[in-house]
Amino acid sequence: QVQLVESGGGLVQAGGSLRLSCAASGATFSSYTMGWFRQAPGKEREFVGAISRHGIITNYADSVKGRFTISRDNAKDTVYLQMNSLKPEDTAVYYCARTTGGTAAKLYDYDYWGPGTQVTVSA
């Protein structure tokens, strides 16, 4: 039974920071690239970033590059998304997911997803 659970979402003012966590269980965490995605109301789910199995390679969407940082702690089976300089357009439900592919894997290559955590950025 694979389970991914996001936490750390909430309400933050524009320009502020938030740190999301994704705790994994039921699988060998270090065997998978982990990705973060987000979905705003009425919008398609979009790629935020991904981190390779051992944390050496990261990949970010242009919209968050320089503001968001993905990291992972395989000893804790946890991946993080540090979000700085938040903007109202960052408001979305944020999801973590796993893939056997690399950091350029497509949305459909992610086979397990967490339930998501809401991030709301006020102006």
When rounded to the nearest 0.5 angstrom, what distance separates [atom1] in [X] from [atom2] in [Y]?
| X | Y | atom1 | atom2 | value |
| --- | --- | --- | --- | --- |
| K87 | S63 | NZ | OG | 8.5 Å |
| Q1 | S25 | CD | OG | 7.0 Å |
| M83 | T69 | CE | OG1 | 11.0 Å |
| N74 | M34 | CG | CE | 10.0 Å |
| F47 | L107 | CZ | CG | 10.5 Å |

ask   = Does one side chain, of S17 or N84, offer a donor that lies under 3.5 Å from an acceptor on the other?
value =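 Judged by distance alone, the side chains do pair up.
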Is the distance between the ring centroids of Y110 and F37 under 6.0 Å?
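Yes - the distance between ring centres of Y110 and F37 falls below the 6.0 Å cut-off.
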Can you confirm whether [X] sits close enough to [Y] that some side-chain heavy atom of one is under 4.5 Å from a side-chain heavy atom of the other?
| X | Y | result |
| --- | --- | --- |
| Y112 | T99 | no |
| I70 | V79 | yes |
| I51 | T103 | no |
| E89 | T91 | no |
| C22 | W36 | yes |
| V48 | F68 | yes |

Next on the checklist: Is the positively charged end of R19 above the ring of Y80, judged by distance under 6.0 angstrom from the centroid and angle within 45° of the axis?
Outcome noted: yes
> So, is the end of the R98 side chain (NZ or CZ) under 6.0 Å from the ring centre of F29 and within 45° of the ring's axis?
Replying inline: no
Run the salt-bridge test on D77 and R72 with the 4.0 Å N-O cut-off and return the result as yes or no.
no
Does a salt bridge link K65 with D62, judged by any charged N lying under 4.0 Å from a carboxylate O?
yes
query: Do L18 and V93 share a hydrophobic cluster (ILVMFWY, side-chain heavy atoms under 4.5 Å, transitive)?
result: no
[X] versus [Y], closest heavy-atom pair with distance:
| X | Y | result |
| --- | --- | --- |
| A14 | P88 | CB-CD, 4.1 Å |
| Y94 | D90 | OH-O, 2.7 Å |
| S21 | T78 | CB-CG2, 4.2 Å |

Does [Y] offer a backbone N or O that forms a donor-acceptor pair with the side chain of [X] under 3.5 Å?
| X | Y | value |
| --- | --- | --- |
| T33 | G101 | yes |
| E46 | R38 | no |
| T28 | S30 | no |

### Query
Between L20 and E6, does a side-chain contact (heavy atoms from CB on, under 4.5 Å) hold up when you go through it step by step?
CA-CA 7 Å; L20 305 184; E6 303 93 342; over 6 Å; no
(Q) With a sphere of 6.0 Å drawn around CD of Q82, does it hold more than 12 non-hydrogen atoms of other residues, nucleotides or ligands? (A)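 Result for CD/Q82: enclosed.
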Between L4 and Y95, does a side-chain contact (heavy atoms from CB on, under 4.5 Å) hold up when you go through it step by step? CA-CA 9 Å; L4 304 174; Y95 301 90; over 6 Å; no
